[in-house]
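The structure appears below as structure tokens.
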Amino acid sequence: MPARPPLVVIGASAGGVQALRRLIPTLPYDFPAAVAVAIHRQAVEVDERLPRVLGAGARLQVEHASDGQPVEAGRVVVCPANVHLRV
């Protein structure tokens, strides 16, 4: 079985979005770990915006986590609203 990359997990309340908007763009394109972000927030129709907001100016791909998705270094996954993120 191939070695899994390290995993950085960030949890925040809705107020953490501004801090993450500053942090994520500072991560280098060759960041050696996967990043999982879980933010406490309400489900809204525009939930798809959060990965775009957090990924603005980022060198890493930022996307919603999906079921069965592999953990990959250099990728930021955001937990969708009202979903439990398990790795």
Side-chain angles (χ1 to χ4, degrees):
M1 179 183 304
R4 293 188 177 143
L7 177 63
V8 175
V9 179
I10 302 171
S13 65
V17 172
Q18 292 305 319
L20 289 166
R21 287 181 68 191
R22 287 189 219 135
L23 172 70
I24 292 173
T26 67
L27 300 175
Y29 72 92
D30 58 349
F31 193 65
V35 180
V37 176
I39 298 178
H40 182 262
R41 64 190 197 280
Q42 296 292 327
V44 292
E45 289 180 27
V46 293
D47 189 50
E48 295 299 317
R49 267 192 322 191
L50 188 58
R52 283 195 311 265
V53 168
L54 296 180
R59 290 168 255 187
L60 303 178
Q61 181 176 347
V62 181
E63 62 190 8
H64 269 128
S66 60
D67 192 31
Q69 180 179 21
V71 175
E72 297 179 51
R75 179 169 288 180
V76 178
V77 294
V78 179
C79 181
N82 291 333
V83 173
H84 292 278
L85 183 62
R86 293 191 299 179
V87 179

Which side-chain N or O atoms in residues 65-79 pair as donor and acceptor under 3.5 Å with protein atoms at least two apart or in another chain?
| unit_1 | atom_1 | unit_2 | atom_2 | d |
| --- | --- | --- | --- | --- |
| Q69 | OE1 | S66 | N | 3.0 |
| Q69 | NE2 | E63 | OE2 | 2.5 |
| E72 | OE2 | R75 | NH1 | 3.2 |
| R75 | NH1 | E63 | OE2 | 3.3 |
| R75 | NH2 | Q61 | OE1 | 3.0 |

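- Contact of the I10 side chain with the L23 side chain is registered, since non-hydrogen atoms from C-beta on lie closer than 4.5 Å.
- The side-chain contact (heavy atoms from CB on, under 4.5 Å) search around L27 returns F31, V35, L60, not counting sequence neighbours.
- Of the inter-residue distances, the one linking D30 atom CG with R59 atom CZ reads 9.0 Å to the nearest 0.5 angstrom.
- One hydrophobic cluster, built from ILVMFWY side chains closer than 4.5 Å, holds both I39 and V53.
- Inter-residue side-chain proximity for V87 and V9 is flagged as unmet; no heavy-atom pair is nearer than 4.5 Å.
- With rounding to the nearest 0.5 Å, the separation of NE2 in H40 from CG in N82 is 8.5 Å.
- To the nearest 0.5 Å, atom CG of residue L20 and atom CG of residue L54 are 5.5 Å apart.
- Here the closest heavy-atom approach between residue A56 and residue P25 is recorded as O-CG, 3.6 Å.
- Between V62 and G55, the shortest heavy-atom contact is CG2-CA, 3.6 Å.
- Summarising the geometry of A33 relative to V8, their closest heavy-atom pair is CB-CG2, 4.1 Å, with the distance given to 0.1 Å.
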